[in-house]
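Written out below as structure tokens is the structure these notes cover.
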Amino acid sequence: MAEVLVLVDHVDGKVRKTTSELLTIARRLGEPSAVFVGSGFDAAKETLARFGAEKVYRVESPEVLEHLVVPQAELLAQLVADKAPAAVLVPSSPEGKEIAARLAVKTESGLITDAVDVQAAGDGSGGVATTQSVFAGSYTVSATVTKGTPIVAVKPNSATPEELAGAAADEVLDFTPSDAAKGARITESKPKQATGRPELTEAAIVVSGGRGTAGDFSKVEDFADSLGAAVGASRAAVDAGWYPHTSQVGQTGKQVSPQLYVACGISGAIQHRAGMQTSKTIVAVNKDNEAPIFELVDFGVVGDLFAVLPQATDAIKAAKD
Amino acid sequence: MNIVVCVKYVPDAQAERTFNASDNTTDRENVDGLLSELDEYAVEEALKIIEAGEGEVTVLTVGPDAAADAIKKALQMGADKGVHVSDDAIHGSDAVATSLVLAEAVKKIGDVDLVVTGMASTDGTMGVVPAMLAERLGLPAVTFASELSVDGGVATIRRDGDASTQTITATLPALVSVTDQINEPRYPSFKGIMAAKKKPVETWSLADLGVDAAQVGLDAAWTKVESFAARPPRTQGEIVPDEGDGGAKLAAFLTERKFV
Ligand SMILES: Cc1cc2nc3c(=O)[nH]c(=O)nc-3n(C[C@H](O)[C@H](O)[C@H](O)COP(=O)(O)OP(=O)(O)OC[C@H]3O[C@@H](n4cnc5c(N)ncnc54)[C@H](O)[C@@H]3O)c2cc1C
Ligand SMILES: Nc1ncnc2c1ncn2[C@@H]1O[C@H](COP(=O)(O)O)[C@@H](O)[C@H]1O
């Protein structure tokens with residue numbers, strides 16, 4: 001069976017959930033081979049094995065990550081040439097898409113981004129059949145790759161990770177980035193403080209606040225914590241400096257697709273919808289019964305979030321005790 | 001300093017966007033188009049760099065006749081000249097082919113120090129053309145800039161990532177993609193609108209660029225849209241007014257749906 005390359009998304013060996021999703025998807029297409037770049041492999045190995053990685057190609061040189069995406073694209077291109085994989089799967093993050101874009105040009109291969117589903121092509125051709133959600137979630141598109149090695153950037157939450165033991169036999173690769181790959185470099189990196197909440201794009205529940213919070217996110221956060229949810233924000237709240245930009249949901253922020261999305265004090269502008277419209281269940285709390293967000297909801301409360309959210313938080317906490 | 005800004009003409013996101021049923025391509029005829037909102041940030045950033053120093057801003061678009069509107073808007077904002085690549089053969093091109101045409105156009109413009117793009121187009125929203133273009137031109141790229149400065153042959157950006165905020169540098173010539181956090185795009189002034197009428201715009205065909213028509217367009221695409229379907233509209237659920245029990249009702253709904 002042909003190998004399927006999966007680029008591992010991790011921070012110092014802590015493997016993100018998206019990677020277990022990609023390994024699960026890879027098994028539909030062939031035999032998963034993880035590609036691990038950076039330090040912390042010992043910590044990552046167990047997770048990679050648990051989700052079915054048969055092989056792990058790895059590169060430890062810090063140079064590779066310091067120079068952003070180009071060395072990683074070169075590494076994957078080398079592997080595509082050496083291993084002739086059935087497909088290459090990367091996370092559909094800004095970085096993953098950039099690696100995929102360069103890889104597509106290098107290997108003359110078709111690229112699908114933002115896939116929400118990937119299956120083996122029904123015609124037995126060994127190709128891939130992908131599903132994407134486009135135009136702010138208003139259309140679903142089925143697409144295939146017609147040239148080269150299919151490269152697919154897959155969105156988080158596109159598959160339920162399934163455990164299946166793999167050998168995760170690792171092979172340290174002999175790889176040096178070209179000089180041309182070193183034109184850009186990270187000169188400073190200021191780590192962010194962890195919030196202790198789930199990551200926005202991976203979370204099963206997202207609670208977001210908008211201009212209606214008037215800058216006070218405490219009620220939104222308390223409510224989110226009662227549900228174990230991630231906290232998001234509209235651009236209006238981000239532009240006002242109330243919440244970090246990395247929490248912005250929408251066209252120019254994160255695109256989330258959780259089981260439950262709760263919009264609090266958010267009107268539901270098209271650019272916001274673009275980032276949350278595909279959520280399974282949508283709930284809104286808004287003072288204005290004409291707010292467009294209500295067109296999308298499964299349940300809505302017309303009211304002041306400062307009254308509704310604390311009451312709901314208390315009721316949820318009581319129900320849990 | 002010679003800056004090229006890549007701008008895309010896109011169907012208006014506020015309008016009903018759809019596909020051509022005949023070939024599954026984005027419908028660009030029956031929907032009003034405009035300069036992609038996110039590319040206005042790229043134009044603005046280029047103008048700021050030139051205004052603080054010296055040089056010239058060329059706006060480049062690949063698109064149908066109507067895409068001339070996108071160039072016009074950028075010229076009205078203050079760009080110096082425009083290049084419009086238009087050719088019937090380009091219809092249906094994917095990102096890979098678009099990046100090929102853009103790359104050849106940047107080469108023909110020549111002597112370019114900096115290419116500036118938006119973070120993503122508002123129609124395709126793939127956000128991959130900048131990286132593909134950089135790859136084809138052999139340039140380093142610094143992407144998703146929320147701050148940019150150019151000094152002594154080096155472009156420095158700040159990027160706001162999930163785990164960290166990074167400072168990233170690239171030696172010129174380089175490509176930079178910018179986010180909507182980077183600036184506040186200006187509106188064209190009356191003076192700008194009048195001045196734009198006299199600014200040079202060149203229209204190039206594929207032949208002018210030496211690009212073989214067989215390398216672009218729908219047939220040359222490396223991916224194929226097999227089918228498309230409108231997402232069924234969401235059916236509106238229950239909406240209750242808060243009569244002192246709104247929070248309790250919300251909690252009850254979440255419990256019933258097993259989120260608690
Ligand atoms: C290029 C571009 C990109 C953009 N990208 C994004 C994006 O990624 N994400 C995004 O979110 N937006 C984006 N926007 C902005 C978008 O157009 C809207 O301006 C923004 O989403 C509005 O945020 P909001 O809903 O919080 O504010 P508003 O539209 O002002 O809505 C606030 C809502 O809060 C309600 N409210 C007020 N007080 C209360 C209260 N006490 N209790 C309950 N409800 C209350 C009001 O009734 C109102 O409906 C973008 C815009 C542009 C031009
Ligand atoms: N047809 C085009 N003409 C000019 N620039 C483009 C074109 N398509 C994409 N771009 C540039 O590439 C960026 C990202 O586009 P995309 O990869 O399509 O999301 C845009 O913001 C533009 O700066």
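For clarity, every value in this text was computed on a predicted model and none was experimentally measured. Chain identifiers are assigned alphabetically (A, B, ...) following the order of the sequence lines, protein sequences preceding nucleic acid strands; residue numbering begins at 1 within each chain.
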Which of [options] touches chain B most, by non-hydrogen pairs under 4.5 Å:
options	value
A:Leu227, A:Val70, A:Thr281	A:Thr281
A:Leu68, A:Val285, A:Thr130, A:Leu309	A:Leu68
A:Glu98, A:His67, A:Lys192	A:Lys192
A:Gln255, A:Glu95, A:Lys254	A:Lys254
A:Gly183, A:Pro191, A:Ala129, A:Gly148	A:Gly183
A:Leu305, A:Val145, A:Asp314, A:Thr131	A:Val145

Go through the atoms of [X] and report whether side chain, backbone, both or neither lie under 4.5 Å from a heavy atom of chain A.
X	result
B:Ala163	backbone
B:Met119	side chain
B:Ala134	both
B:Ala141	both
B:Val240	both
B:Ser146	neither
B:Arg257	side chain
B:Ile157	neither

Are side-chain heavy atoms of [X] and [Y] found at a separation under 4.5 Å?
X	Y	value
A:Val134	B:Phe228	no
A:Arg185	B:Ile168	no
A:Val283	B:Leu250	yes
A:Thr252	B:Thr179	no
B:Asp180	A:Gln251	no

If you look at every heavy atom in [X] and [Y], which pair is closest and at what distance?
X	Y	value
B:Pro140	A:Arg102	C-NH2, 4.2 Å
A:Ala315	B:Ala251	CB-CB, 3.5 Å
B:Gln166	A:Ser189	CG-OG, 3.9 Å

Spacing of [atom1] belonging to [X] relative to [atom2] belonging to [Y], to within rounding of 0.5 Å:
X	Y	atom1	atom2	result
B:Leu254	A:Phe299	CG	CZ	8.0 Å
B:Glu226	A:Ser142	CD	OG	8.0 Å
A:Leu103	B:Glu135	CG	CD	9.0 Å
A:Ile316	B:Phe259	CD1	CZ	11.0 Å

Backbone N or O of [Y] within a donor-acceptor pair of the [X] side chain at under 3.5 Å?
X	Y	value
B:Arg234	A:Leu296	yes
B:Gln236	A:Phe294	yes
A:Lys97	B:Met126	yes
A:Thr146	B:Trp222	yes

Assess, by modelled atom type and distance only, whether the side chains of A:Thr246 and B:Asp162 contain a donor and an acceptor separated by less than 3.5 Å.
no

State, without any angle test, whether B:Thr169 and A:Thr187 hold a side-chain donor-acceptor pair at a distance under 3.5 Å.
no

What part of [X] gets within 4.5 angstrom of chain B, counting heavy atoms only: side chain, backbone, both, or neither?
X	result
A:Gln259	both
A:Leu111	both
A:Ile99	neither
A:Ile186	both
A:Gln248	side chain
A:Val11	neither
A:Lys280	backbone
A:Ala104	both

I'd like to verify something: which residue of [options] has the highest number of heavy-atom pairs under 4.5 Å with chain A?
options	value
B:Pro130, B:Ser99, B:Ser164	B:Ser164
B:Gly138, B:Ala174, B:Gly161, B:Ala95	B:Gly161
B:Asp245, B:Thr235, B:Val154, B:Val142	B:Asp245
B:Ser227, B:Pro241, B:Gly237	B:Ser227
B:Val128, B:Leu133, B:Leu100	B:Val128
B:Asp94, B:Thr156, B:Thr255, B:Thr143	B:Thr143

Give a yes or no on whether a salt bridge exists between A:Lys190 and B:Asp160, defined as a side-chain N under 4.0 angstrom from a carboxylate O.
no

Give a yes or no on whether a salt bridge exists between A:Lys287 and B:Asp242, defined as a side-chain N under 4.0 angstrom from a carboxylate O.
no

Output, in order, the C-alpha distance, side-chain angles, deciding distance and verdict of side-chain contact (heavy atoms from CB on, under 4.5 Å) for B:Val96 and A:Lys147.
CA-CA 11 Å; B:Val96 173; A:Lys147 184 156 189 232; over 6 Å; no

Atom NZ of B:Lys258 with >12 non-hydrogen neighbours under 6.0 angstrom
no

